[in-house]
Protein chains: 2
Amino acid sequence: MRTMLELAILGFLCDTPLHGYELRKRITALTGHVRPVAESTLYPAIKRLEKAGLLARETQAGAIAAPRHVLTLTPEGRQELRKRLAEPARGDITDENRWFTLLAFLRHLDDEAAQAAVLRRRLAFLEEPASFFYDGDRPLRAEELDDPFRRGILTIARATSRAERAWLHATLASLSGSAR
Amino acid sequence: MRTMLELAILGFLCDTPLHGYELRKRITALTGHVRPVAESTLYPAIKRLEKAGLLARETQAGAIAAPRHVLTLTPEGRQELRKRLAEPARGDITDENRWFTLLAFLRHLDDEAAQAAVLRRRLAFLEEPASFFYDGDRPLRAEELDDPFRRGILTIARATSRAERAWLHATLASLSGSAR
DNA sequence: ACGCTATACATCGCGGCCGATGTATGGGCA
DNA sequence: TGCCCATACATCGGCCGCGATGTATAGCGT
């Protein structure tokens, strides 16, 4: 539970009811180029969420091909989505894949102050002096590495971090509820 | 099998023999700030690799605390590492986490042409016109989105992609074996 | 009439990840 | 002396991801 996939399902269904196959296409469009979604992962996930009462299924016979199961988010599902967005696990903040998924649905948190708080958690993580390579405790800079590939990791990570920090600052400033 | 974790184990052991606990510290330093490594994931992975004949274990009694198992890469392990570096799965190319792990050990591929081929696969992936959001089939640009958070995803991804493509071009040019 | 592809859902079994928990030992500190 | 922490390894159970495979229908080309 609390996986990227479940968040995406809840997030997409928050906009509009969908059947599983359409849900799959949307998730594939969102993150499929990085991590494909297998149907054998999606359908069990839908079942889990249904069993937990987070979404409801309404069978729609013979629409085009096989009978569709149109999935609708329940009030509990909406509640759960907001909770997962407002109180993300640490991994949702640190892992870029999970973070992007969260960002894709963060607008469903209607409270701007809560949105800003989440962005600030990511910002705090990016401002930690963490590297991929160390000399004892001291994080190494790209220039200090001989290996060109490892130098690449730091170069790319630094560019990403700079761009994201700039975006975070700008977005936090534009959120009216961002006052600490 | 063929997981990020196994690649990291093989990669670190290719430099020098290590015991599990030290291996864990090194993997944590490398990728732990993004995805922590649980001991209950590491030790089974070591066992798997040992059973597959990729590494050998030598018990070193009462060094500091509990008896250590010093792990050494076998010739088959070295072979397997090279194979995983030279012929990465698609996910190793597309998923940044896995890609970074691969990059961290790519120097163990002694053939510069093979290294360049791997970099070119990543470059080809980055040059695909893939987005996170579409209007039908057409990838949307950041400016076309209303949602500020989704705009952020594209802004950040674009900055990363630019920086990485620049680095890839520069590094490919400096690899003498990079001639097509 | 035949085969291919897309739509739409589903199950099974393997295997990996992980939190919880256990077992030792040695060093520091109060 | 008592306690915590770091070192060092290990197992267990549950959940999740996923490739393989199955079932059915509708549309299209040949």
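Chain letters run A, B, ... following the sequence lines, proteins first and then strands; every chain starts at 1.
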How many whole angstroms separate atom [atom1] of [X] from atom [atom2] of [N]?
X: A:Leu42; N: D:dC16; atom1: CG; atom2: P; value: 14 Å
X: A:Met4; N: D:dC16; atom1: CE; atom2: P; value: 14 Å
X: B:Arg35; N: D:dC16; atom1: CZ; atom2: P; value: 15 Å
X: B:Tyr21; N: D:dA10; atom1: OH; atom2: P; value: 14 Å
X: B:Tyr43; N: D:dC9; atom1: OH; atom2: P; value: 4 Å
X: B:Lys25; N: D:dC5; atom1: NZ; atom2: C1'; value: 14 Å
X: B:Arg68; N: D:dA8; atom1: CZ; atom2: C1'; value: 8 Å
X: B:Leu18; N: D:dA8; atom1: CG; atom2: P; value: 12 Å

Report yes or no: is the cationic atom of B:Arg84 (NZ for Lys, CZ for Arg) closer than 6.0 Å to the six-membered ring centre of B:Phe105, at no more than 45° off its axis?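 No, B:Arg84 and B:Phe105 do not form such a contact.
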State whether A:His69 places a side-chain N or O below 4.0 Å from either non-bridging phosphate oxygen (OP1 or OP2) of C:dA10.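 Looking at the OP1 and OP2 atoms of C:dA10, one of them is under 4.0 Å from a side-chain N or O of A:His69.
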Look at the side-chain heavy atoms of Ile, Leu, Val, Met, Phe, Trp and Tyr, link any pair under 4.5 Å apart, and say whether B:Leu109 and B:Leu7 land in one connected group.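 B:Leu109 clusters together with B:Leu7.
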As a test of reading the structure: which of C:dC17, C:dC9, D:dC18 is closest to the side chain of A:Thr41, going by heavy atoms?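 So the nucleotide nearest the side chain must be D:dC18.
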Return the nearest nucleotide to the side chain of A:Ala38; candidates are D:dA8, D:dG19, C:dC9.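 Nearest listed nucleotide: D:dG19.
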When only distance counts, do a donor and an acceptor, one from the side chain of [X] and one from the base of [N], lie under 3.5 Å apart?
X: B:Glu39; N: D:dC9; result: yes
X: B:Ser40; N: C:dG19; result: yes
X: B:Thr3; N: C:dG16; result: no

How close do B:Ala86 and B:Val118 get, heavy atom to heavy atom, and via which atoms?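 That closest heavy-atom pairing would be O-CG2, 4.0 Å.
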Base, sugar-phosphate, or nothing for B:Arg2, non-hydrogen atoms under 4.0 angstrom?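 Since no nucleic acid heavy atom lies under 4.0 Å of B:Arg2, the category is nothing.
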At under 4.0 Å between heavy atoms, what does B:Arg48 touch on the DNA or RNA strands: base, sugar-phosphate, or nothing?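 The answer is sugar-phosphate, as B:Arg48 gets under 4.0 Å only of primed atoms, P, OP1 or OP2.
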If you assign B:Lys47 and A:Glu6 each to the DNA chain D nucleotide with the nearest heavy atom, which residue ends up on the more 5' nucleotide?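 Taking each residue's closest nucleotide, the earlier one in sequence belongs to B:Lys47.
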Please lay out, stage by stage, how A:Glu127 and A:Arg121 fare under the test salt bridge (Lys or Arg N to Asp or Glu O under 4.0 Å). CA-CA 10 Å; A:Glu127 281 170 348; A:Arg121 275 188 68 187; over 6 Å; no
Report yes if some heavy atom in the side chain of A:Arg90 is under 4.5 Å from a heavy atom in the side chain of A:Thr94; otherwise report no.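 Of all side-chain heavy-atom pairs linking A:Thr94 with A:Arg90, at least one is under 4.5 Å.
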